[in-house]
Amino acid sequence: MRKTLAATAVALLSVQAASAETFRWAGTTDPQTMDPHAVNSAPVLGFLNNVYEGLMRRNQQMQIEPALATGWEPIGTEGWRFHLRKDVKFHDGSDFTAEDVVFSYERATRPESDVSSWFASVSGIKAVDDYTVEFYTAAPNPIFPDTITNFMIMDKGWTEANSSAVPAKDAENFATRNTNGTGAFKVVERQPDLKTVVEPFGGWWDEATHNITSAEYTPIQNPATAVAALLSGEVDMINPVPTQDVARLSNSPDVKVLEDIEARVIMFGFANQADTLKYSADAGKPNPFKDARVRQAVNHAINVDAIVQTIMRGSAQPVSQLVSPAMRGYSESLAERPAYDLDKARALLAEAGYADGFSFGMKCPNNRYINDEAVCQAAVGMLAQIGLNVELETMPVSNYWPELRAQNFDMYMLGWSPGSFDAEHPIRFLVTTPNPEKKLGSWNFGAFSNDRVDELLPQIQSEIDDDKRQALLDESTKILQDEAGYVPMYVQALLWGARSNVDLTQRADNFFMLRWVTVN
C-alpha cells in the first residue's frame, strides 16, 4: 500500500489542483462487502449509507428524519405504518416501491443475514399498496423506528436478476462487489482492499449539499502512511488520526483535527459456554471462563485508567456498561467501574480454584479500533500479574470476524456502537442467548446466557413508561455487571484529520457521510 501511494502521489496532487471537488479519504479498514444485509459492522454500514438508503436516516445531530419513507406512525399497539416516498429511482433507473421494502425485509431476516436481529420483534410485514408498508410486532415496540435506521433497501428486480437474493456473509455473490442503491452516491469502481470509487447519483431524490464530483476511498492500515498521505495532500481526510499524532497534525496549517467521543464501547468478551479452552498450553482443559468469578477477576486486573491515559493519551472515557452515558437507557446508578484491584482479582481466582492461574488464547483485531493491538498487548501484561498467561493473536478485521463467528477464541476484543442509540440494542445483539430462529444474540459470540435477561428483553422493547423501562434496563445491566459477561473498558474517541480546505460533519456513530462534504 505504501508503494501504491508513493507512486500515485504526483498524479493525485495534479488532479486535485485541476478539480477541487475530487475528494479522497482513507481509513484503516476496507468495507468487507458492498452488501448492506451481509455484515453488521460500522465499516460496511458507514460506507454503504452513502450508496443505499433506509426508510429513515440520521441527520448531522443524530436525530431521525425521513428518507425513503416520508412519515410513519404506530398502528395502535400492533406495529408501525410507513408512507413511502414516490418518484425515487435506484441507480439503474428502476422505480422504488413497497415491493422493494418487503423484499429487503425478507432478505435481511434470512439466517444468512448478519442484520436479522434488527427485526427480532417483527412478526410480519405487509405492502398495503405501492407506497405504504406495515410492520407488525409481537408486542408494542415504541423504539422500532430507531432500531432500523441502518436497514437499507435493495432493488428486488436487480438483486434477483443477479442471483443475490441470499446475503453472502463470509463468501461472495454479485452484491458483494456491486451496488444498486437509491443514495446520493453510486459505486463506479470496486477493488477490495485497494480502492472504491463513487460518483454523485444524478437522479437522487434529495437536494445535494456537497460539491464532490468524484470520491475515492483507500484503506491504509499503517498509521504513519495515513498521516503522511494527509500532510502531503494525497488524501483529503483520514479516520482515525493516531492518538500520538494529534498534536502534530493540530499544529500544521494545512490540516485540522476533529475530536469528539464516539458512541462505541470497547470491551473484552469470553467464551462463556465453551467446555474447554481452545488455545495455549492449557488447550483441552476445562474452560475457567464459565465461572463468573474468573471473569470478574479479569475485570479487576485490567487497569482501564492506565490504558486511557497511556495508550489512548486521554482521548477516551472509561465506561462500566455496554453503552456510554450519552445513550438512552444508560444506568446512572451503575456508572462506577469495578476497581483496579490485583489482590481482589487473585482472591477471586483462588476462590474459583485457579490460585496458580492458567493460560489461554486471546484474539484481537489489528486494524479495526484505535490502538486495538496495543490495548490487547497491554491487557496481556496486566493479566500476567494475576497469573494468567495469554497467547495473543492479532489479525486484520477481514480475517477477524470469521474467527469470532467460528468461536475460535477463549477471550476476544469487540467494539459496539448501538445503531439505535439505545441501551436495548447491545442487550439484543450481545447479551441475549443466541437464538437464530428468534433473530437474537447474533453478535453474542461467547454465548453469554442468563434466563432473567432473556425475560427482560421483550419487556424493555415494549414498555412505554420511561421510568418502568429504565428500571428494567437497570436490572439487566446489574446482572451483566455481576456476571461479568463482558469487560467494558472505554468509549472510543473520534479522531478525524482533514485538509484545512475541507468542510465535513463528524457524527457520533463514526459514519462518514459524503453528502455533507465541501471542498473549498
Side-chain angles (χ1 to χ4, degrees), residues 1 26-35 37-48 112-115 117 167-172 176 192-194 196 217 219-223 226 239-240 242 262 264-272 274 277-280 283 289 298 307 311 322 360-380 383 390-417 419 426 429-430 434 441-448 486-490 492 510:
M1 184 55 64
T28 56
T29 305
D30 197 49
Q32 183 177 336
T33 178
M34 294 287 101
D35 187 331
H37 305 148
V39 177
N40 181 19
S41 72
V44 171
L45 300 180
F47 185 92
L48 290 181
E112 299 87 351
S113 170
D114 199 27
V115 304
S117 289
K169 186 184 301 182
D170 295 317
E172 284 201 9
T176 304
D193 298 319
L194 291 176
T196 305
Y217 174 76
I220 306 177
Q221 185 170 345
N222 187 294
N239 175 24
E262 194 183 353
R264 187 175 313 282
V265 170
I266 305 298
M267 69 193 78
F268 285 122
F270 307 95
N272 293 282
L277 292 169
K278 297 184 177 180
Y279 296 93
S280 79
F289 294 121
V298 171
I307 290 174
I311 299 176
L322 300 188
F360 66 94
M362 179 193 290
K363 293 284 180 75
C364 290
N366 57 20
N367 68 339
R368 176 62 191 96
Y369 313 115
I370 297 176
N371 298 330
D372 44 13
E373 185 171 10
V375 170
C376 289
Q377 289 171 341
V380 168
L383 293 176
V390 185
E391 181 182 285
L392 175 63
E393 182 181 3
T394 66
M395 64 196 71
V397 73
S398 57
N399 305 117
Y400 189 62
W401 298 139
E403 286 290 283
L404 295 194
R405 292 191 185 99
Q407 305 289 306
N408 291 333
F409 58 83
D410 297 320
M411 182 172 165
Y412 65 98
M413 171 182 270
L414 183 67
W416 194 258
S417 178
F429 279 93
L430 306 183
S442 57
W443 278 64
N444 185 357
F445 299 120
F448 174 84
Y486 293 88
V487 177
M489 294 186 291
Y490 55 86
Q492 181 169 274
N510 205 21

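Throughout, numbering of the chain's residues begins at 1 and tracks the sequence.
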List the atom of P167, the atom of D35, and the distance in Å for their closest heavy-atom pair. CA-OD2, 3.7 Å
Are the side chains of K169 and T33 in touch, meaning some heavy atoms are under 4.5 Å apart? no
Test item: S113 side-chain N/O and H37 main-chain N/O as donor-acceptor pair under 3.5 Å: yes
Could you tell me whether the side chain of F47 reaches within less than 4.5 Å of the side chain of M34, counting heavy atoms only? yes
State the CD-OH distance between E393 and Y400, to the nearest 0.5 angstrom. 10.0 Å
Evaluate the side-chain proximity of Q32 to P43: yes if any heavy-atom separation is below 4.5 Å, no if none is. no
Among N510, T28, T29, find the one that has a side chain to side chain donor-acceptor pair (under 3.5 Å) with N239. N510
Close side-chain approach of M411 to V487, heavy-atom, < 4.5 Å: no
Provide the closest heavy-atom pair for S117 versus F429 in the form atom of the first, atom of the second, distance. CB-CE2, 3.3 Å
Heavy-atom side-chain proximity of N444 to Y486 below 4.5 angstrom: yes
Do the non-hydrogen side-chain atoms of R405 and F445 ever get within less than 4.5 Å of each other? yes
Any donor-acceptor N/O pair, K363 side chain to N408 backbone, under 3.5 Å: yes
Taking Q492 for its side chain and I370 for its backbone only, find out whether a donor-acceptor pair lies under 3.5 Å. yes
What heavy-atom pair brings A168 and T176 nearest, and what distance separates the two atoms? CB-OG1, 4.3 Å
What I'd like to find out is whether the side chain of D30 reaches to under 4.5 Å of the side chain of Y217, using heavy atoms alone. yes
Show your working on side-chain contact (heavy atoms from CB on, under 4.5 Å) between Y369 and R264 and close with a plain yes or no. CA-CA 10 Å; Y369 313 115; R264 187 175 313 282; 3.9 Å; yes
Can you check whether F360 and F289 have ring centres sitting under 6.0 Å from each other? yes
Any chance you could measure N367, atom CG, to D372, atom CG, to the nearest 0.5 Å? 7.0 Å
One should read off an interatomic distance between S398 OG and R368 CZ, to the nearest 0.5 angstrom, of 12.5 Å
Would you give the length of the straight line joining atom CE of M362 to atom CZ of F268, rounded to the nearest 0.5 angstrom? 4.5 Å
Could you tell me whether the side chains of W443 and D114 share a donor-acceptor contact shorter than 3.5 Å? yes
Side chains of I266 and V375: does their closest heavy-atom pair fall under 4.5 Å? no
Separation between CG (L392) and CG (L383), nearest 0.5 Å, reads 10.5 Å
When you measure from the side chain of D410 to the backbone N and O of K278, does any donor-acceptor pair fall under 3.5 Å? yes
Would you compute the distance between atom CG of N371 and atom CD of Q377 and round it to the nearest 0.5 angstrom? 10.5 Å
